[in-house]
Structure formats: structure tokens, C-alpha cells
Amino acid sequence: MSHESLDGTADDEGMESVDAPGPGTDGGTQPTPTVRPASTRVDTTTSYTQVALQAGYLSGLGIIARMQVLPDSTTWDGKEVVESLQQTSSTCPDTLTQPGPCNGHSHFPIGSAMRGRGVRPEQPAMRNRFYDIHTSQSQSLSFLHDAARNPKGIDACESVCRQEYAFDGVVIGTHSIRRQFRKGKVDGHDVTIIDVTKSDLAPATSGGSGQPPSGGQGDAGAPPRPDGGGP
């Protein structure tokens, strides 16, 4: 089921799982080879950071990433991908958000719409696309201005996660999610401004350099939940 965590971050938006078809047979003797996507790429990203802060969030926010499943010559709608996340670097206190920005194991049905929540509007169903949200938010406190969340009183920090999407247990896409937190003011209130970017990475198994391939980058945007907190 879909979820967003409370008072910290929401790193994913998993909708209901969709069972992929099991292996078939060829003439009753040979198993049919599994057909799976070759890759995923960032199609577009939309930032909801300024919208959330203007709406009264004291910490916010991040992005909705619309992901494309390739090759586009095959329709993958009705299948699903499953994410895994790992933190690769951070200059932020471990206490800044809970449970932390690199937590998540959501299932994403390909070709499905995504419901709206908070400042985030509903997203339409699109062929060979699915939506993933990468946010950190709170309506009740500014993370970097809170002594318990930020005991050393730093003004800015950054957290980077490595995300993999798997199809039928095989990794088909690898991406980097970068969150930048900085102190600011909106309408006279102390706020934590959270900018998120997402980019495509070459799969580790391909011997790639880890650099985004050309044409596969996203920029920013995702919505919150009241007193959001989490990954």
C-alpha cells in the first residue's frame, strides 16, 4: 500500500502491488524466457518546495519524479518495479529526519495514476510511467532550527541516496537522490528549505562510472503530508 512517513521525510509512493506473470512454457518442454525492461530513466521532475513553504510548512519539501520504463516499444503497464535504497553520503545529523532519507522498499505499478496529498496534486496515469516521491517535510518545526534535530546548529547539509529499481528480482535501474537542507525565512518564520534532485546512474553491473547517462536527469519537486516525517 502507499505510504508517507510522518514528521521527517517521504521517500517513495508505492501503490498496490501488481503480480507479474509467471514463467510460461514453450511447447510444453522449454520455459519461456523472461521478458523484462532494460532500464528506467527520470522522465520529468516537479518541485513543490516553494509551494509547501508558502502554504505554511516549516520544513519542506522535495520532488515528484515521473519515471519511464524502457524500452518504450513494449508496453509494461500492469507490471511493477520494486525499489531499494542505500545512503551513499551525508553531512546531516542522523537526528535531522526520521527514519532518515534513505529508507524505503515500495512497489510501483507501471502505468498507474498517483493520488494527490497535501500540496501535491493527483498525477495522471501514463503509459510506461510510474511516479516516485522524494520529500522531507514538517508543518510543526524547522529541522535545522530545532536543537534536538540539529544539535550542532549547522546552517546547511546534504544527504545522497542510491536507489535501485528491480523487475522480477533483477535490477533494471539505478538512480541518485540528492537532498539539500538549508536555513531560510518565509514570511518572517524560520524554515528549512529542502531541495531535491534525482539523476540516472549507470548500473554497477555494467562497469559504468556512476555518472548519469546523457538525457536522463531530473530536477526537483514532491509534496508533503502534515507534520511529515520519515526516510
Side-chain angles (χ1 to χ4, degrees), residues 1-6 8-20 36-52 55 57 60-72 74-85 101-137 161-167 171-179 194-201 212 215-226 228 230-231:
M1 298 296 293
S2 59
H3 68 277
E4 287 182 80
S5 36
L6 297 177
T9 67
D11 286 308
D12 50 58
E13 175 73 6
M15 302 172 73
E16 67 182 40
S17 289
V18 177
D19 291 333
R36 62 175 61 93
S39 62
T40 56
R41 67 178 291 272
V42 177
D43 190 21
T44 65
T45 61
T46 306
S47 174
Y48 289 90
T49 295
Q50 291 304 315
V51 172
Y57 284 78
L61 187 67
I63 66 172
I64 293 177
R66 189 174 74 204
M67 306 300 300
Q68 183 179 16
V69 182
L70 299 170
D72 200 53
T74 298
T75 296
W76 305 102
D77 295 0
K79 308 295 193 300
E80 71 171 8
V81 296
V82 182
E83 74 166 349
S84 59
L85 289 158
C102 302
N103 287 264
H105 188 67
S106 289
H107 294 227
F108 300 92
I110 303 167
S112 294
M114 187 177 74
R115 72 181 184 279
R117 179 178 289 169
V119 299
R120 182 191 74 213
E122 181 179 353
Q123 303 298 313
M126 291 186 66
R127 177 180 174 273
N128 285 348
R129 268 73 169 178
F130 65 91
Y131 298 94
D132 200 351
I133 64 171
H134 307 290
T135 65
S136 302
Q137 72 276 331
C161 309
R162 179 185 179 92
Q163 181 189 47
E164 293 183 336
Y165 293 117
F167 183 98
V171 173
I172 60 168
T174 308
H175 307 276
S176 177
I177 304 159
R178 183 182 304 271
R179 279 179 175 79
I194 303 165
D195 294 310
V196 182
T197 57
K198 183 172 186 176
S199 58
D200 303 329
L201 296 177
Q217 285 224 36
D219 273 295
R225 179 179 182 176

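On a predicted model such as this, the values are computed, not experimentally measured, just so you know. Counting from 1, the numbers follow the sequence of the chain as shown.
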Exercise. If you take all heavy atoms of Leu85 and Cys161, which pair is closest and at what distance?
Worked result: CD2-CB, 4.4 Å

Problem set entry | Main-chain N/O of Asp195 paired to Arg178 side chain as donor or acceptor, under 3.5 Å | no

Problem set entry | Cys102 side, atom SG; His134 side, atom NE2 - distance, nearest 0.5 Å | 11.0 Å

Exercise. Could you give the distance from NZ (Lys198) to CD1 (Ile177), rounded to the nearest 0.5 Å?
Worked result: 5.0 Å

For this session: For residues Ile194 and Gln137, determine if any side-chain heavy atom of one lies less than 4.5 Å from a side-chain heavy atom of the other.
Result: no

Exercise. Centres of the Tyr48 and Tyr57 rings: under 6.0 Å?
Worked result: no

Exercise. Would a 4.5 Å heavy-atom cut-off, applied to side chains only, mark Met114 and Ile133 as touching?
Worked result: yes

Problem set entry | Whether Asn128 side chain and Trp76 backbone form a donor-acceptor pair below 3.5 Å | yes

For this session: Calculate, to the nearest 0.5 Å, the distance between atoms CZ and OG1 belonging to Arg129 and Thr40 respectively.
Result: 12.5 Å

Exercise. With a 4.5 Å limit on heavy-atom distance, are the side chains of Leu201 and His175 in contact?
Worked result: no

Problem set entry | Approximate separation, where rounding is to 0.5 Å, of Asp43 CG and Met67 CE | 8.5 Å

Exercise. Hey, does the side chain of Thr135 reach the backbone of Gly62 with a donor-acceptor pair shorter than 3.5 angstrom?
Worked result: no

Exercise. Backbone N or O of Arg115 within a donor-acceptor pair of the Arg120 side chain at under 3.5 Å?
Worked result: yes

Exercise. Would you find a donor on one side and an acceptor on the other, under 3.5 Å apart, between the side chain of Tyr165 and the backbone of Ser39?
Worked result: no

Exercise. Under 3.5 Å, is there a donor-acceptor pair between the side chain of Arg127 and the main chain of Asp72?
Worked result: yes

Exercise. To the nearest 0.5 Å, what is the distance between CD (Gln163) and CG (Asp200)?
Worked result: 10.5 Å

Problem set entry | Polar side-chain atom of His105 near backbone of Glu83 as donor-acceptor pair, under 3.5 Å | yes

Exercise. Ala125 and Gly111: which non-hydrogen atoms are nearest, and at how many Å?
Worked result: CB-O, 3.4 Å

For this session: Please step through salt bridge (Lys or Arg N to Asp or Glu O under 4.0 Å) for the pair Asp77 and Lys79, ending with a clear verdict.
Result: CA-CA 6 Å; Asp77 295 0; Lys79 308 295 193 300; over 6 Å; no

For this session: Heavy atoms only: give me the nearest Phe167-Glu80 pair and the separation to one decimal.
Result: CD1-O, 3.4 Å

Seminar exercise, completed: Here the pair of heavy atoms bringing Pro37 nearest to Pro71 is CA-CD, 4.4 Å

